[in-house]
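What you see below is based on every heavy atom in this structure, not just the backbone, and it leaves out hydrogens, waters and symmetry mates.
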Amino acid sequence: MDAKEKIESLRREINRHNHNYYVLNSPEISDLDFDMMLKELERLEAEHPEYADDLSPTRRVGSDLTKGFEHVVHERPMMSLSNTYSIDEVDEWARRIDKALDGEQYSIVGEMKFDGTSISITYRHGRMVRAVTRGDGTQGDDVTANVKTIRSIPLELLPGDWPDEFEIRGEILMPWKVFERLNAERAYNEEPLFANPRNAASGTLKMQDSREVARRHLDARFYYLLSDNLPYDNHYENMLAASHWGFKVSKAMSLMHSLEDIDRYIEYWDEHRKTLPVATDGLVFKVNSLRQQLNLGFTAKSPRWAVAFKFNPERACTPLRFVSFETGRMGIVTPVANLEPVQLSGTVVKRASLHNDDIMRELDIHEGDSLYVEKAGEIIPQITGVEKSLRPEGAKAVEFVKTCPECGTPLQRIFGEAAWCCPNKYGCRPQITGRIEHFCARRMMNIDGIGEETAELLYASGLVERIGQLYDLTEERLAALDRVGPKTAARIIKGIEDSKQVPFERVIYALSIPNVGETTAKRIARAVGSMDVLQAMTLEQLTAIPDVGPIIARCIHDFLREPVNADNIEALRRAGVRLEVDTDMMKAAGNALEGKSVVISGTFSHHSRDEYKDIIMAHGGKNTGSISKKTSFVLAGENMGPAKREKCAELGIPILSEEEFLRLIGDGAGQDNTIDNN
């Protein structure tokens, strides 16, 4: 077998194993064997660039070159569905179908309404050609490069009777497990949380770096096939055919022949959807026959032959087992309700934060209570009430602890806040290990291999009791620890060495200075230039830094004068960590945004959201997370939420498009530097 045949054979085999793993959930080979097969293909492709193919499975990892999205007009408009909210409304829709078809027999296909972002993908000669978002229904964005990274979507079809050219529509989804892991990551890095898997999937699909898209492990489900040459004259069989070609079609799809079938389907999935691995918000019912669909036609906004049924929000009542109290990285003690496990929005909920003493008192929680729990915005489980009729007789109210549950130190109430805090910052285990974990995280020093468990292990072994000691570690010391082998030890040491090149602003953020987040750390770095200058500044000088008020200034001042922190900074200096900014960073790009407060909303073509934060700062502006009377304007990309638009209209806040913003700072075509209301 020559090189070309070997490459083509490996591609076919890897595509088949991808389908088995990501679509059928039944892998035939081990992960190691799959990885070895992929590495062999990578080697052969490197040796024979003449056989390069953009649809090779080795390209699934994405590229950092994705910039902007071309607008593409849909060959067939992507219309939305009319919604119903009760079984009676669905039955009424079915009766209208019956009347419109004048007694002609028909069948209905029931499907899950997956809560993701709509996509339309075109295939030609069995190969993916283009993937386009719904957009406004008439045209959308070409996101082919990002869709190629989604392993459950075939780049080349399995053998079958597929048309030479067709379009298939579906939903790009973020599975619950991936969503919760991503939001936990964002919460730790003090980034805004995604409201739900739909927003997370939509935001991910519009990212400028397809490598990051690949890292987020999106999924997909497909629900409609369009072509001038379909294999069958009905929707149900066409979708079954698509599943044989390699597409992920929901196993919940069902063929029904009566109102009773429809009602049973709704009742069944209203309960069983809670066990699905991806988010759903309802069901969809479609007339099966394509001829009858054509005869029924469309209204101005939606097809008459289909309707969506929306589920009611989920809420559950479950017994409280006990309330635990947990100390975090900054010493804040949080009460947590530990519950009898209950299924909610696709996941099993066992714990829910009670936030603080005041909220716990307001809820009036007693031992043995039954609590109502729901997911706030489908993200974080929260307790919304108590079913007092189920309260055990003589039950005692749950009291907030008086001492730290970890080290026993008497708690202190934070002035002006509802939080209780352990003041033993440098002797309380979770505060110490939390700072180690925070220091090593991706948005800080990016030391690969040190997460929560490893930070705990390093502390328990006595190797790292403060962050400066990370730079004293060796591969031999690490490899001697339980659960840390030679490869992991080598990866950690490399990460530590690489961290010495991390920019100064991220070092400031990594130190865990109270009230100093990522944006404030950048402001400080730009203002002071070096750690030497920062350490020498008085309270008055610190307060003069933009966005550093008296409270943050006091936090910085006290932090830098604490002997433990001063020793840590000296250890970083000896290790060669960068404690001053690059000269280029000190140069302001301009003052077009001097004194302006800017909110960023939506997704963008020319730069990422993080890049726009830096651009705003470089031009003298300030990026804030929420709209208020102090907001100068909103930089709005695609998919800006309607609530934010309403808030802008209410407060008279201008909205600038990406192009208008770039012109304002002198980085785009045109000279119009005015800000108009939109």
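Side chain of Ser210 to backbone of Val213: no donor-acceptor contact under 3.5 angstrom is found. A donor-acceptor pair is defined here as one N or O able to donate and one able to accept, closer than 3.5 Å; such a pair exists between the side chain of Asn288 and the backbone of His235. Formation of a donor-acceptor pair under 3.5 Å by the Ser9 side chain with backbone atoms of Glu5 is not found in this model. A donor-acceptor pair under 3.5 Å links the side-chain atoms of His74 to the main chain of Arg134, judged by distance alone. Panel note: side chain Asn146, backbone Met207; a donor-acceptor pair is recorded below 3.5 Å. In terms of modelled atom types and a separation under 3.5 Å, the side chain of Asp448 and the main chain of Gly495 share no donor-acceptor contact. One N or O on the side chain of His438 and one on the backbone of Tyr509 form a donor-acceptor pair closer than 3.5 Å. Side-chain atoms of Arg221 do not come within 3.5 Å of backbone N or O of Val249 as any donor-acceptor pair.
Counting heavy atoms from C-beta on, the side chains of Pro154 and Trp245 never come closer than 4.5 Å. The shortest distance between side-chain heavy atoms of Met253 and Leu240 falls below 4.5 Å. With a 4.5 Å cut-off on side-chain heavy atoms, Thr488 and Thr454 do not count as touching. Met239 has its side chain within reach of Leu225: a pair of non-hydrogen atoms, C-beta onward, lies under 4.5 Å apart. Side chains of Leu44 and Tyr51 form no contact here, defined as non-hydrogen atoms less than 4.5 Å apart. In this structure the side chain of Ser56 reaches within 4.5 angstrom of the side chain of Glu45, judged on heavy atoms. Counting heavy atoms from C-beta on, the side chains of Ile492 and Glu497 never come closer than 4.5 Å. Between Phe439 and Met445 the shortest side-chain heavy-atom distance falls below 4.5 Å.
In this structure, Arg169 is not positioned above the aromatic face of Tyr224 in the sense of NZ or CZ being under 6.0 Å from the six-membered ring centre and within 45° of the axis.
Classification of the Tyr123-Phe166 ring pair by plane angle, with boundaries at 30° and 60°, yields parallel.
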Can you list the steps and then say if Thr280 with Asp115 is a side chain to side chain donor-acceptor pair (under 3.5 Å)? CA-CA 5 Å; Thr280 62; Asp115 199 14; over 6 Å; no
Side chain to side chain contact (heavy atoms under 4.5 Å, CB included) between Leu205 and Ile119, worked out: CA-CA 10 Å; Leu205 199 61; Ile119 197 74; 4.1 Å; yes
Dump the intermediate steps for salt bridge (charged side-chain N to carboxylate O under 4.0 Å, His left out) on Glu505 and Arg526, then the final yes or no. CA-CA 8 Å; Glu505 65 269 21; Arg526 186 180 294 275; over 6 Å; no
Please report the C-alpha distance between Thr122 and Glu165 in whole Å, then the side-chain angles of each, then the deciding distance to 0.1 Å, and finally whether the side chain to side chain donor-acceptor pair (under 3.5 Å) criterion is met. CA-CA 7 Å; Thr122 300; Glu165 183 171 347; 6.0 Å; no
Could you go through the side chain to side chain donor-acceptor pair (under 3.5 Å) check for Ser499 and Tyr471 one step at a time? CA-CA 10 Å; Ser499 75; Tyr471 294 89; 2.8 Å; yes
Derivation of the side chain to side chain contact (heavy atoms under 4.5 Å, CB included) call for Leu458 and Gln469: CA-CA 10 Å; Leu458 290 171; Gln469 293 174 327; over 6 Å; no
Go through the steps to decide whether Met444 and Arg506 satisfy the test side chain to side chain contact (heavy atoms under 4.5 Å, CB included), and finish with yes or no. CA-CA 5 Å; Met444 296 73 172; Arg506 281 171 54 187; 5.7 Å; no
Derivation and outcome, side chain to side chain contact (heavy atoms under 4.5 Å, CB included), residues Leu457 and Val484: CA-CA 10 Å; Leu457 184 62; Val484 179; 3.8 Å; yes
Would you check, one step at a time, whether the test side chain to side chain donor-acceptor pair (under 3.5 Å) holds for Asp142 with Thr144? CA-CA 6 Å; Asp142 186 335; Thr144 309; 2.5 Å; yes
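Between the CG atom in Leu41 and the CD atom in Glu13 there is a gap of 11.5 Å [rounded to 0.5 Å]. The line from CG of Leu276 to CE of Met112 is 5.5 Å long, rounded to the nearest 0.5 Å. We find the CG-CD distance between Leu10 and Glu42 to be 11.0 Å, quoted to the nearest 0.5 Å. Separating the CG atom in Asn234 from the CD atom in Glu237 is a distance of 4.0 Å, to the nearest 0.5 Å. To the nearest 0.5 angstrom, Leu226 atom CG is 9.0 Å from Glu75 atom CD. We find the OG1-CG distance between Thr133 and Asp141 to be 4.5 Å, quoted to the nearest 0.5 Å.
Heavy-atom contacts from other residues, nucleotides or ligands closer than 6.0 Å to CD of Glu8 number more than 12. Summarising the local packing, CD of Glu452 is surrounded by 12 or fewer heavy atoms from other residues, nucleotides or ligands at distances under 6.0 Å. Within 6.0 Å of atom CD in Glu580, 12 or fewer heavy atoms from other residues, nucleotides or ligands are found, so the atom counts as exposed in its surroundings. Summarising the local packing, CG of Asp228 is surrounded by 12 or fewer heavy atoms from other residues, nucleotides or ligands at distances under 6.0 Å. Shown here is Lys500, whose NZ atom has more than 12 heavy atoms of other residues, nucleotides or ligands within 6.0 Å.
Scanning all heavy atoms of the two residues, the minimum distance from Ala525 to Val581 falls at O-CG1, 3.4 Å. Of all heavy-atom pairs spanning Ala201 and Leu218, the tightest one is CA-CD2, 4.0 Å. Ile467 and Ile436 get closest at one heavy-atom pair: CG2-CA, 4.1 Å. Contact between Asp219 and Pro175 at its shortest, heavy atoms only, is CB-CG, 4.0 Å. Residues Ala3 and His48 come closest through the heavy atom pair CB-NE2, 3.4 Å. Minimum heavy-atom separation, Ser152 to Ala220: OG-N, 3.5 Å.
The existence of a salt bridge linking Arg124 and Asp164 is excluded, since no basic side-chain nitrogen approaches an acidic carboxylate oxygen closer than 4.0 Å. With salt bridges taken as basic N to acidic carboxylate O contacts below 4.0 Å, none links Asp498 and Arg491. Arg215 and Glu185 are joined by a salt bridge, as a carboxylate oxygen and a charged side-chain nitrogen come within less than 4.0 angstrom of each other. With respect to the salt-bridge test (charged N to carboxylate O, under 4.0 angstrom), the residues Glu167 and Arg76 qualify. We find that Asp2 and Lys6 are not joined by a salt bridge, their nearest charged nitrogen and carboxylate oxygen being 4.0 Å or further apart.
Side-chain contact of Glu171 with Ser118: a donor-acceptor pair under 3.5 Å is present, judged by distance alone. Under the 3.5 Å distance criterion, with hydrogens and angles disregarded, no donor-acceptor pair is assigned to the side chains of Asn183 and Glu180. Side chains of Thr204 and Arg216: a donor on one and an acceptor on the other come within 3.5 Å. His125 and Glu156 share no donor-acceptor pair across their side chains, judged by distance under 3.5 Å alone.
Between Phe114 and Tyr223, the ring center distance fails the sub-6.0 Å criterion.
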